[in-house]
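Per chain, numbering begins at 1; letters A, B, ... match sequence-line order. Note that the structure is a prediction, hence the values are computed from the model and not measured.
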Number of protein chains: 2
Amino acid sequence: MSWRKEQRRAERGYHHGNLKEALLQAALGLIAEKGAAGFTFADAARMAGVSAAAPYRHFRDRDELLSSIAQRGFEQFEQRLAAAWDDGRPDTVTAFERVGKAYLAFAREEPAFYNAMFESGVPVDANPALQAASERAFNIIRAAAERLAALTPPGTPRPPAMMMALHIWSMAHGVASLFSRGDAARRKLPMSPDELLEAEVLIYLRGLGFPTDRRPAGKGAEPPPVPPEAPSGSGVPPGGTPGGPWGKPK
Amino acid sequence: MSWRKEQRRAERGYHHGNLKEALLQAALGLIAEKGAAGFTFADAARMAGVSAAAPYRHFRDRDELLSSIAQRGFEQFEQRLAAAWDDGRPDTVTAFERVGKAYLAFAREEPAFYNAMFESGVPVDANPALQAASERAFNIIRAAAERLAALTPPGTPRPPAMMMALHIWSMAHGVASLFSRGDAARRKLPMSPDELLEAEVLIYLRGLGFPTDRRPAGKGAEPPPVPPEAPSGSGVPPGGTPGGPWGKPK
DNA sequence: GGCTCATGTAAAGATCGTTCACATGAGCTG
DNA sequence: CAGCTCATGTGAACGATCTTTACATGAGCC
């Protein structure tokens with residue numbers, strides 16, 4: 001046995017005290033480094049200063065550890081999305097876009113969680129708690145979509161809110177997993193993932209009849225200003241950044 | 001040594017004859033079954049009836065096999081996308097949507113390839129040939145986007161074609177990887193992935209000012225042949241079919 | 001026929017995931 | 001405080017995988 005190990009043991013005694021948490025943290029670090037596939041149960045144990053068999057006292061097997069991380073990830077994800085949504089303040093469209101940004105930010109800033117959640121092959125539906133956490137996170141997007149759906153300008157086709165939510169989710173996930181993470185991020189793009197997603201969502205919202213004219217596209221005339229936030233009237237600020245979400249068209 | 005093995009050997013002699021190809025096929029089957037993560041080099045060897053060391057005569061290591069499969073996948077992917085695009089016939093928008101469908105169809109029908117290409121953790125940029133194949137596939141989408149960009153009705157914002165291509169790619173990939181494959185597909189949806197993507201793309205195109213009012217929601221009449229390629233038409237048509245691509249709003 | 005080299009084999013080392021019998025010690029009970 | 005118990009950690013061991021190394025085979029070519 002290594003000197004190091006003995007030393008660790010001396011420091012902390014026979015019992016670790018908080019092994020479960022330590023393992024989760026270790027795994028998180030390892031996944032961030034080498035991906036969920038490269039992460040090793042034995043490595044996590046080593047990193048926690050414990051024998052290879054010890055983790056089995058806290059997790060049925062390697063998959064359960066991964067699953068736990070995914071679940072915790074969904075919980076944090078939900079919190080961040082909820083904070084971004086902020087119940088639709090100051091206006092629905094702005095908040096909606098903030099959710100998109102939060103999605104990408106999470107994928108970028110918490111690669112280990114995102115990996116465990118969406119790219120580790122953990123079957124979400126196998127674990128009820130995990131599935132529930134996943135649904136709670138999605139429900140934020142869904143709630144936002146409901147609000148948005150209620151606001152689609154009259155005379156415009158109005159898809160079910162659920163569908164809009166799924167659309168947004170797929171856009172965000174598509175951008176995140178193709179361009180915003182790991183080696184995929186190395187695909188060189190003419191713009192940042194954030195800009196890409198923002199423009200995508202804006203075009204989509206325009207397709208639903210929402211005024212997205214706060215960013216005049218190019219030199220052209222302002223797109224016809226549909227009454228902001230249709231029925232009630234609290235709404236999208238008319239002003240905007242010049243250049244449009246996609247920059248000046250050449 | 002097993003009887004089976006001896007028998008196989010007797011059938012084919014000491015040399016396999018076409019081991020490289022056999023390994024690729026075996027791997028493809030295994031990945032389809034158990035995912036790229038669960039796929040094992042030794043298993044592929046076994047399935048080809050050779051010793052565990054034999055594959056190393058044809059692939060530097062397990063990753064190179066995976067990488068080869070990904071590359072082959074991108075090549076087939078390119079072919080299918082190209083066939084779907086069919087150089088924009090009969091009209092750009094129709095062909096464009098066909099590309100979207102082809103994307104999903106590939107993801108669904110060739111799970112092993114799709115898995116190796118996008119979900120196996122193979123670093124695309126590590127292998128120049130692989131990267132080139134990937135780019136050739138993307139170029140189909142890109143070419144389609146160029147054509148579409150050239151047609152955006154005047155008076156409408158016109159994002160760069162490259163951006164449009166990336167948008168479409170991210171939508172397709174998002175839908176495919178969230179809803180169209182593996183356990184993720186088990187997330188129960190109120191509609192098929194194909195419908196979901198089609199609606200998403202249509203709304204997006206509408207956001208770009210394209211007329212997307214053909215296609216009465218259900219089993220209705222034949223899509224009214226909108227004058228194909230309508231650069232002259234003004235943006236979003238006021239009428240549109242009731243319901244649009246997403247069925248009747250409730 | 002004989003040489004050569006690509007192709008396959010067997011054996012072995014390193015690492016993992018996992019299990020099992022056993023050790024330790026924290027906390028309760030009396 | 002003594003003793004018991006049970007959660008928690010240890011070591012050893014099994015089978016599987018990946019990979020390397022030395023050796024075997026035989027197809028093609030002179």
Think B/His58 has a side-chain N or O under 4.0 angstrom from the OP1 or OP2 of C/dG8?
yes
Among residues at least two apart in sequence or on other chains, which ones pass side chain to side chain contact (heavy atoms under 4.5 Å, CB included) with A/Ala52?
none
Atom CG of A/Leu19 to atom P of D/dA7: distance rounded to whole Å?
16 Å
Taking the six-membered ring for Trp and the single ring otherwise, decide whether the centroids of B/Tyr103 and B/Phe77 are under 6.0 Å apart.
yes
Listed pairs, N/O of protein and of nucleotides 14-18 of chain D, under 3.5 Å:
unit_1 : atom_1 : unit_2  : atom_2 : d
D/dT17 : OP1    : B/Arg46 : NH2    : 3.2
D/dT17 : OP2    : B/Arg46 : NH2    : 3.3
D/dT17 : O3'    : B/Thr40 : OG1    : 3.0
D/dC18 : OP1    : B/Thr40 : OG1    : 3.4
D/dC18 : OP1    : B/Phe41 : N      : 2.9
D/dC18 : OP2    : B/Phe41 : N      : 3.3
D/dC18 : OP2    : B/Ala42 : N      : 2.7

For A/Asp63 and C/dT18, what is the distance between atoms CG and C1' respectively, to the nearest whole Å?
12 Å
Set of residues satisfying side chain to side chain contact (heavy atoms under 4.5 Å, CB included) with respect to B/Ala132, sequence neighbours excluded
B/Arg136
Under 3.5 Å donor-acceptor pairs involving side-chain atoms of residues 79-86 of chain A, not counting sequence neighbours:
unit_1  : atom_1 : unit_2   : atom_2 : d
A/Arg80 : NH1    : A/Glu109 : OE1    : 3.2
A/Arg80 : NH2    : A/Glu109 : OE1    : 2.9
A/Asp86 : OD1    : A/Arg89  : NH2    : 3.2

In residues 20-33 of chain B, which ones come under 4.0 Å of DNA chain D, going by heavy atoms?
none
Is there any salt bridge (Lys or Arg N to Asp or Glu O under 4.0 Å) pair reaching into residues 27-40 of chain A, and which pairs are they, with sequence neighbours excluded?
A/Lys34-A/Asp43
Check every atom of D/dG11, D/dG9, D/dT21 against the side chain of A/Ala53 and return the nucleotide holding the closest atom.
D/dG11
Would B/Tyr56 and B/Phe41 count as a close aromatic pair, with their ring centres under 6.0 Å?
yes
Between P of C/dG17 and CZ of A/Arg57, the distance in whole Å:
18 Å
